[in-house]
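Report on one structure; see the data block that follows.
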Number of protein chains: 2
Amino acid sequence: MTSKQEFIEKLRNSRLRPTKQRINICEVLFNRYKTFHFTINDLFNLIKDKTGEKVSLATVYNTVHAFHKKGYLKEIPINSNQTYFDTNVTDHHHFFDVKEEKLIDLKNEDVGPIEIQKSIPGKKIKSVEVLVKLED
Amino acid sequence: MTSKQEFIEKLRNSRLRPTKQRINICEVLFNRYKTFHFTINDLFNLIKDKTGEKVSLATVYNTVHAFHKKGYLKEIPINSNQTYFDTNVTDHHHFFDVKEEKLIDLKNEDVGPIEIQKSIPGKKIKSVEVLVKLED
DNA sequence: TTCGTTGTTTATAATTATTCTAAAGAAGAT
DNA sequence: ATCTTCTTTAGAATAATTATAAACAACGAA
Ligand SMILES: [Mn+2]
Ligand SMILES: [Mn+2]
Ligand SMILES: [Zn+2]
Ligand SMILES: [Zn+2]
């Protein structure tokens, strides 16, 4: 996903109007080779840096939540003062470098298949996530 | 762990003075048959309910952090507005019922062994936690 | 293209979990 | 008892996130 046209289509397909702000956010989030792990604040700053245009913090929050809801972003469960998101929405797991406060992808094959043997009546499994904390 | 004397010893062993407040908190946290998953606010309210004595919120925070540092409590990585803690400090994993906002223990045998095949130079693994989100 | 509608952005305020501060109090040692 | 050190506490400060509501932009129909 690389061109502005594609972002516009992507937004249209989700019934999100393709505004200048959302397209800029798409550029920062999705115009990359590698997966991107970020906090709202990371993103907020990168938008200014990479596009030269400022988007209000409220819009960054709104858009990230909209993309999350549409399945374009994944929320990574860690305890931090800030919430982390991930552009890689496939099933995968993470290292979290506690000192650097950085997430690193783990491929499924790096972890192996996880079979949950217990079940709770009336509930079904929504996601299975492994978090591996790293220290020096 | 059941008697007040034991809590006093436990606190002394950790070089934490056995104050009335800390002992009350121990009663609520550790005088139970089953593991206990809680937020600071849960605990704050339970102390009043179960002991009849009020402990200030700041002390609840201080004590939970002290116990966490001493290894008497485990912090559970989930994305929530509040931080969850666990009196079960053994290696184990969790279900998180997203609707009820409740944690449920998973025994290691319910998940199976997890072998991380990837390593990061200069870093070592501190913990491996599986979080299974549940929906209706 | 214009117009009315609906969705979006924004600055700013509100909320809320958590941490900090500093003074009063309690525990421990001598 | 006295001194020191640790602890508790109310309240203030911090900081991430969410809510508000007015200005603005995209859309679709005329
Ligand atoms: Mn979200
Ligand atoms: Mn802690
Ligand atoms: Zn990832
Ligand atoms: Zn547990």
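Only this structure's heavy atoms are used, side chains among them; waters, hydrogens and symmetry mates stay out. Quick note on labels: first sequence line is chain A, next is B, and so on, each numbered from 1.
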**Prompt:** With a 4.0 Å cut-off on heavy atoms, is B/Thr83 in touch with a base, just the backbone sugar-phosphate, or nothing at all?
**Reply:**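 The answer is sugar-phosphate, as B/Thr83 gets under 4.0 Å only of primed atoms, P, OP1 or OP2.
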**Asked** Contact class for A/Asn41 (heavy atom, under 4.0 Å): base, sugar-phosphate, or nothing?
**Response**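 The residue A/Asn41 makes no contact with any strand.
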**DNA chain C: 5'-proximal contact among B/Thr19 and B/Ile40 (nearest heavy atom)** =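 The residue closer to the strand's 5' end, by nearest nucleotide, is B/Ile40.
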Roughly, in whole Å, what's the span from [atom1] in [X] to [atom2] in [N]?
| X | N | atom1 | atom2 | answer |
| --- | --- | --- | --- | --- |
| A/Lys20 | D/dA26 | NZ | C1' | 14 Å |
| A/Arg15 | C/dT5 | CZ | P | 23 Å |
| B/Glu75 | C/dA17 | CD | C1' | 13 Å |
| A/Ile8 | D/dC27 | CD1 | C1' | 14 Å |
| A/Ile23 | C/dT9 | CD1 | P | 10 Å |
| B/Tyr84 | C/dA17 | OH | P | 11 Å |

Looking only at side-chain N and O atoms, does [X] come under 4.0 Å of OP1 or OP2 in [N]?
| X | N | value |
| --- | --- | --- |
| A/Arg22 | D/dA26 | no |
| A/Tyr61 | D/dT17 | yes |
| A/His65 | D/dT17 | no |
| A/Gln21 | C/dT10 | yes |

Closest nucleotide among [options] to the [X] side chain:
| X | options | result |
| --- | --- | --- |
| B/Ser56 | C/dT9, C/dG28, D/dA10 | D/dA10 |
| A/Ala58 | C/dC20, D/dA19, C/dG28 | D/dA19 |
| A/Thr59 | D/dT17, C/dG28, C/dT9 | C/dT9 |
| A/Asn81 | C/dT18, C/dT9, D/dA16 | D/dA16 |
| A/Pro18 | D/dA16, C/dA27, D/dA26 | D/dA26 |
| A/Lys54 | C/dA11, D/dT17, D/dA16 | C/dA11 |
| B/Leu57 | C/dT18, D/dC27, C/dT9 | C/dT18 |

**Request:** Could you pull out the closest heavy-atom pair between B/Asn79 and A/Ile78, with the gap in Å?
**Result:**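 For B/Asn79 versus A/Ile78, the nearest heavy atoms are ND2-O, 3.7 Å.
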**Prompt:** Looking only at heavy atoms, which two atoms of A/Leu11 and A/Pro18 are closest? And how far apart?
**Reply:**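 The pair with the smallest heavy-atom distance is CD1-CA, 3.7 Å.
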**Asked** Is there a donor-acceptor contact under 3.5 Å from the side chain of B/Asp110 to the main chain of B/Leu106?
**Response**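 Checked: no pair found.
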**Message:** Suppose we screen for ring-ring contact (aromatic ring centres under 6.0 Å, His included). Which residues come up paired with A/Phe95, at least two apart in sequence or across chains?
**Reply:**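 A/Phe95 satisfies ring-ring contact (aromatic ring centres under 6.0 Å, His included) with no other residue.
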**Item:** Residues B/Lys50, B/Glu27: salt bridge by 4.0 Å N-O rule
**Value:**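 Judged by the 4.0 Å cut-off on N to carboxylate O distance, B/Lys50 and B/Glu27 do not form a salt bridge.
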**Prompt:** Checking side chain to side chain donor-acceptor pair (under 3.5 Å) against B/Asp86, which of B/Lys74, B/His94, B/His68 comes through?
**Reply:**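 The residue from B/Lys74, B/His94, B/His68 that satisfies side chain to side chain donor-acceptor pair (under 3.5 Å) with B/Asp86 turns out to be B/His94.
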**Item:** Any N/O donor-acceptor pair, A/Arg17 side-chain to C/dT6 base, under 3.5 Å
**Value:**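 Answer is yes: a donor-acceptor pair is held.
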